[in-house]
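Notes follow once the structure below has been shown.
What you see is a predicted model, and the numbers here were worked out from it, not measured in a lab. These numbers come from the heavy atoms of this one structure, side chains and all, not from hydrogens, waters or symmetry mates. Numbered from 1 within each chain, the chains take letters A, B, ... in sequence-line order.
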Number of protein chains: 2
Amino acid sequence: MTQSAPSRLGDLQLKIMKRLWEKGESTVAEVHQALSQEKAHAYTTIATMLRKMEERGLVSHHVEGRTFVYRAAVREGAVSRRMAGDMLDRLFEGSLADMVSHLLTSREVSRDELTRLEHLIAERKKKK
Amino acid sequence: MTQSAPSRLGDLQLKIMKRLWEKGESTVAEVHQALSQEKAHAYTTIATMLRKMEERGLVSHHVEGRTFVYRAAVREGAVSRRMAGDMLDRLFEGSLADMVSHLLTSREVSRDELTRLEHLIAERKKKK
DNA sequence: GGATTAATACTACCCAGGTAGTTTGGTCAA
DNA sequence: TTGACCAAACTACCTGGGTAGTATTAATCC
């Protein structure tokens, strides 16, 4: 888990990472199985993608018998933060308030979410 | 401005769009000039990119003398919302609170921003 | 009129994400 | 021991973003 988090991941890559983060480890077959619930992929597509991702340092593998067992090589939090931060900078010049403002006008946000947000902000303000 | 906003734009494309949103209209030379402050691009790179973007419906042009004058064909707000919303769904399953939580832990946020955020949330809560 | 200039058009790459077929090699059961 | 099966390896292709060189064309300046 030393690899620094990338600021961009493709759709498929992100889905694969999510599976690995959730399960800790997975074989190609398991990842393929899991993702195929949502959309069909060829087995080899997943295998190829995992190989490419390993080259990029996103995942690593060890061998069990003759099957590869993959695990994430970057932490979920780090990736989320990098990607979200990147977007924040690219689109809103780093202004969190601008981003939230845009998202609030275009999306349904439950009362519950709003309350959670209030608490987050209040909490953060206290620490300053 | 009928074109529906795309959920992904490359770096260069976004920078070009920002220039067009800001100025309303620009020639290739003007866009090239503006972007070259930050990083050098060949003139033809900008011209090619604009042509590709027109194919995709992101911009349109009219001719003045023999130079093309480009303008945005999608609204800034629509693009920001689409892109930010896409990211929100991809990374945080749509939970705004999760996203803000992550961003608050990893970034400097001024007291001022926090206050703006508070107001945004409060405002939104009232309207529910 | 011919040379220069400045604009677009055309063409060609590279790279990464995504997709998947084909090949190879090991394992296991009949 | 041979054939079926399964896993990885290899190869190839498409797409879109990014990059830029070369060709063409039209105006304008001497």
Side-chain angles (χ1 to χ4, degrees), chain A residues 3 5-19 25-36 38-71 74 79 82-83 86-87 90-91, chain B residues 3 5-19 25-36 38-71 74 79 82-83 86-87 90-91:
Chain A
Q3 191 70 22
S7 65
R8 316 259 170 104
L9 284 186
D11 266 349
L12 181 60
Q13 296 184 344
L14 192 54
K15 286 193 181 110
I16 290 175
M17 290 310 292
K18 280 186 188 243
R19 161 78 196 195
E25 290 190 336
S26 290
T27 63
V28 177
E30 284 161 357
V31 175
H32 176 236
Q33 178 66 16
L35 299 201
S36 291
E38 197 188 315
K39 178 184 182 293
H41 297 275
Y43 178 92
T44 49
T45 298
I46 308 299
T48 304
M49 200 66 231
L50 277 163
R51 226 173 316 111
K52 286 183 176 182
M53 288 166 75
E54 183 158 33
E55 270 170 35
R56 252 187 89 192
L58 296 173
V59 303
S60 63
H61 82 272
H62 70 271
V63 181
E64 255 171 45
R66 59 203 178 81
T67 79
F68 283 18
V69 181
Y70 285 94
R71 58 204 321 274
V74 289
V79 170
R82 274 277 287 171
M83 287 180 72
D86 186 62
M87 175 69 41
R90 267 159 49 85
L91 281 177
Chain B
Q3 192 67 24
S7 64
R8 316 260 169 104
L9 285 186
D11 266 350
L12 180 60
Q13 297 186 342
L14 193 55
K15 283 189 181 116
I16 291 175
M17 291 310 293
K18 281 187 187 241
R19 161 79 196 194
E25 290 190 335
S26 289
T27 63
V28 178
E30 283 161 358
V31 174
H32 177 237
Q33 179 66 17
L35 299 201
S36 291
E38 198 187 312
K39 177 184 181 296
H41 297 276
Y43 178 91
T44 51
T45 297
I46 307 299
T48 303
M49 200 66 229
L50 276 164
R51 227 172 316 109
K52 286 184 176 182
M53 287 165 77
E54 184 157 32
E55 271 170 35
R56 253 185 89 190
L58 296 173
V59 303
S60 64
H61 82 273
H62 70 273
V63 180
E64 255 172 45
R66 61 195 164 298
T67 80
F68 283 17
V69 181
Y70 285 94
R71 58 203 320 273
V74 289
V79 171
R82 273 278 287 171
M83 288 181 70
D86 186 63
M87 174 69 40
R90 269 158 47 85
L91 280 177

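When distances are taken from the side chain of Q13(B) to each of dA20(D), dG18(C), dG18(D), the shortest belongs to dG18(D).
With hydrogens and angles ignored, the 3.5 Å screen pairs no side-chain donor or acceptor of H41(A) with any backbone N or O of H32(A).
The nearest whole Å value for the distance from the CG atom in L14(A) to the P atom in dG18(C) is 9 Å. Atom C1' of nucleotide dA16(C) and atom CG of L9(A) are separated by 12 Å, given to the nearest angstrom. Spacing between atom NE2 of H32(B) and atom P of dA6(C) amounts to 14 Å, rounded to whole angstrom units. Following rounding to the nearest Å, K52(B) (NZ) and dC10(C) (C1') show an atom-to-atom distance of 12 Å.
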Which parts of nucleotides 3-9 of chain D does protein reach within less than 4.0 Å, heavy atoms only, written one letter per nucleotide 5' to 3' as B for base, S for sugar-phosphate only and - for none? ---BSSB

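Applying the 4.0 Å criterion to OP1 and OP2 of dT19(C), one finds that H41(A) has a side-chain N or O inside that range. For the OP1/OP2 pair of dG17(D) and a distance below 4.0 Å, the side-chain nitrogens and oxygens of R56(B) include at least one atom meeting the criterion.
Between H61(B) and Y70(B), the ring planes are tilted. Angles from 30° to 60° get that label.
Shown are I46(B), V31(B), L14(B); of these, the side-chain contact (heavy atoms from CB on, under 4.5 Å) with R19(B) is made only by V31(B).
Summarising the geometry of P6(A) relative to R82(A), their closest heavy-atom pair is O-CB, 3.7 Å, with the distance given to 0.1 Å.
Taking CE of M49(B) as the start and NZ of K15(B) as the end, the distance is 12.5 Å to the nearest 0.5 Å.
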